[in-house]
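Given the structure is predicted, the values throughout are model-derived calculations rather than measurements. We count residues from 1, following the sequence as given. The figures here come from the full heavy-atom set of this structure, side chains too, leaving out hydrogens, waters and symmetry mates.
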Amino acid sequence: MKQKNAIMGMAFFGPALILLTLFLFLPLLLTLGFSFTDYFALNPDLTHFVGLENYFQIFQDELFVAAFFNTVKFVLIIVPLQCGGALLLALAINKAAHCKKYFKVAFFIPVVMSLAVVSTLWIQIYSPEGILNTLLSNFGIDAQAFIYSSNQALPSIAIMSVWQGVGYQMIIFLGGLQNINPALYEAAEMDHATQWQKFRDITLPELKPLCVFVFITVTIGAFRMLVQPMVMTGGGPDHSTYTIVYDIYETGTVNWEMGLASTMAIVFTIFVVVLTIIQNVLTKDKEERHVNKKTTRS
């Protein structure tokens, strides 16, 4: 019986394992191996082992360092805006008495649209004669450069990315809000709790696991930004929107320096994994403290 169950398990798990090996584990191992070589895709026969030379080289590359800091800036802008915006939208729609389905669909539509299409749309919105500058002129504000300015390009792309992705996190938070036991709010109302107290003591603690999940997924997604600057600015102006993933893409597919691109990819992966572990540890400690407080009170 056990042997039969093992065979059945492998029959279901086997195809997935093969696909994971071909498209995840094997490319990861190859990338790690190439990162220690000077592999040039147009002349692979002249590949040599260079050890850690690529790793030292990328950290001396001003463009890679600039791309790293641009990516961090983008993450610092988009994570609080997208997570906070999604929660506020979810709270508003959950309280709405009418047209809940309409608002859900309206805010979720940008999520299913192609990023290239959304980016092209927002190029028109951000243009000097676009709808946004037209609205600003009605309030007596001069036309802004937006994506054509090195100071405004990155925040402009971040705002567009928030608009495009906030609907997905909103749906997640809505599901969490609808699973909160209404009896908790009824008990709080009997104690004459304010709306803020109900939100602080009931809503936030109940949504904490979802908040951690959303925070981590948005952070990882923000670090992987590529399509928006590629379509909207080409990494400019003055490389102000040039990101790590964009640098990896250009190094590997435009310059054909696969060894160097592999090194960048490994460094980027390690950074994101370490950041995710830190986020998990910090949020886990906070959650454990909250559980201990609730246990002590009860």
Side-chain angles (χ1 to χ4, degrees), residues 62-86 88-89 102-171 214 217-255 261 264 268:
E62 293 182 1
L63 193 57
F64 178 79
V65 174
F68 175 81
F69 283 111
N70 286 338
T71 306
V72 171
K73 288 177 190 175
F74 180 79
V75 171
L76 291 176
I77 295 171
I78 197 173
V79 170
L81 288 179
Q82 191 158 326
C83 295
L88 289 175
L89 285 174
Y102 167 77
F103 288 119
K104 287 180 185 178
V105 172
F107 286 111
F108 193 74
I109 283 176
V111 178
V112 298
M113 293 174 65
S114 165
L115 260 177
V117 173
V118 173
S119 299
T120 304
L121 171 66
W122 277 77
I123 289 175
Q124 304 303 318
I125 293 174
Y126 281 141
S127 68
E129 298 83 19
I131 186 172
L132 195 52
N133 273 320
T134 302
L135 289 173
L136 291 176
S137 65
N138 291 333
F139 293 96
I141 301 174
D142 294 335
Q144 301 296 308
F146 294 120
I147 58 174
Y148 305 101
S149 164
S150 57
N151 293 325
Q152 298 181 6
L154 192 66
S156 298
I157 292 177
I159 290 170
M160 182 276 289
S161 301
V162 170
W163 176 86
Q164 189 271 338
V166 73
Y168 181 77
Q169 286 77 35
M170 177 201 71
I171 294 295
V214 168
T217 53
V218 171
T219 302
I220 294 173
F223 271 109
R224 292 164 50 198
M225 179 181 70
L226 171 64
V227 177
Q228 301 96 308
M230 182 184 291
V231 174
M232 298 179 73
T233 62
D238 298 327
H239 292 104
S240 61
T241 58
Y242 199 67
T243 62
I244 293 179
V245 179
Y246 202 164
D247 198 8
I248 294 171
Y249 164 78
E250 285 214 326
T251 303
T253 63
V254 178
N255 301 331
M264 293 176 180
F268 173 68

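- Between F74 atom CZ and L76 atom CG the span is 11.0 Å, to the nearest 0.5 Å.
- Listed by first and then second residue, the side chain to side chain donor-acceptor pair (under 3.5 Å) pairs involving residues 131-145 are Q144-Q152 (not counting sequence neighbours).
- Applying the side chain to side chain donor-acceptor pair (under 3.5 Å) rule to T71 yields no partners; only residues at least two apart in sequence or on another chain are considered.
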Hey, can you pull the donor-acceptor pairs under 3.5 Å for the side chains in residues 107-121, sequence neighbours left out?
residue : atom : partner : partner atom : Å
S114    : OG   : A116    : N            : 3.2
S119    : OG   : L115    : O            : 2.7
T120    : OG1  : A116    : O            : 2.8

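- Atom CG of L81 sits about 7.5 Å away from atom CD1 of I159, to the nearest 0.5 Å.
- Side chains of V162 and I77 form no contact here, defined as non-hydrogen atoms less than 4.5 Å apart.
- Separating the OG atom in S156 from the CG atom in N151 is a distance of 10.5 Å, to the nearest 0.5 Å.
- Counting all heavy atoms, side chain and backbone alike, Q169 lies closest to V214 at CG-CG1, 3.3 Å.
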Next on the checklist: For Q164 and Q228: C-alpha separation, side-chain torsions, deciding distance, then whether side chain to side chain contact (heavy atoms under 4.5 Å, CB included) applies.
Outcome noted: CA-CA 11 Å; Q164 189 271 338; Q228 301 96 308; 5.9 Å; no
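- Minimum interatomic distance between S150 and P237 (heavy atoms only, all atoms of both residues): CB-O, 3.7 Å.
- In I131, the CD1 atom is not crowded: 12 or fewer heavy atoms of neighbouring residues, nucleotides or ligands sit closer than 6.0 Å.
- When the side chain to side chain donor-acceptor pair (under 3.5 Å) test is applied to T241, the partners found at least two apart in sequence or on another chain are T233.
- More than 12 heavy-atom neighbours from other residues, nucleotides or ligands sit within 6.0 angstrom of CG on N255.
- Atom CE of M230 is separated from atom OG1 of T243 by 8.5 Å, given to the nearest 0.5 angstrom.
- Here the OG1-CD1 distance, from T251 to I244, works out to 11.5 Å after rounding to the nearest 0.5 Å.
- The structure places CE of M170 at 6.5 Å from CG of L89, a figure rounded to the nearest 0.5 Å.
- Take T219 and apply the side chain to side chain contact (heavy atoms under 4.5 Å, CB included) test, not counting sequence neighbours, and it matches V75, V79, F215, F223, L275, Q279.
- Pairs of residues two or more places apart, or lying in two chains, that qualify as ring pair (Phe, Tyr, Trp, His ring centres under 6.0 Å) and include a residue from residues 140-165 are W122-W163, Y126-F146.
- Residues passing the ring pair (Phe, Tyr, Trp, His ring centres under 6.0 Å) test with Y168, sequence neighbours excluded: none.
- Taking Q124 as the reference, nothing meets the side chain to side chain contact (heavy atoms under 4.5 Å, CB included) condition, with sequence neighbours excluded.
- By the ring pair (Phe, Tyr, Trp, His ring centres under 6.0 Å) test, Y242 is found to be paired with H239, Y246, residues two or more places apart in sequence or in another chain being considered.
- Minimum heavy-atom separation, I248 to M264: CG1-CB, 3.5 Å.
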Checklist entry - Could you walk me through whether M225 and I78 pass the side chain to side chain contact (heavy atoms under 4.5 Å, CB included) check? => result CA-CA 11 Å; M225 179 181 70; I78 197 173; over 6 Å; no
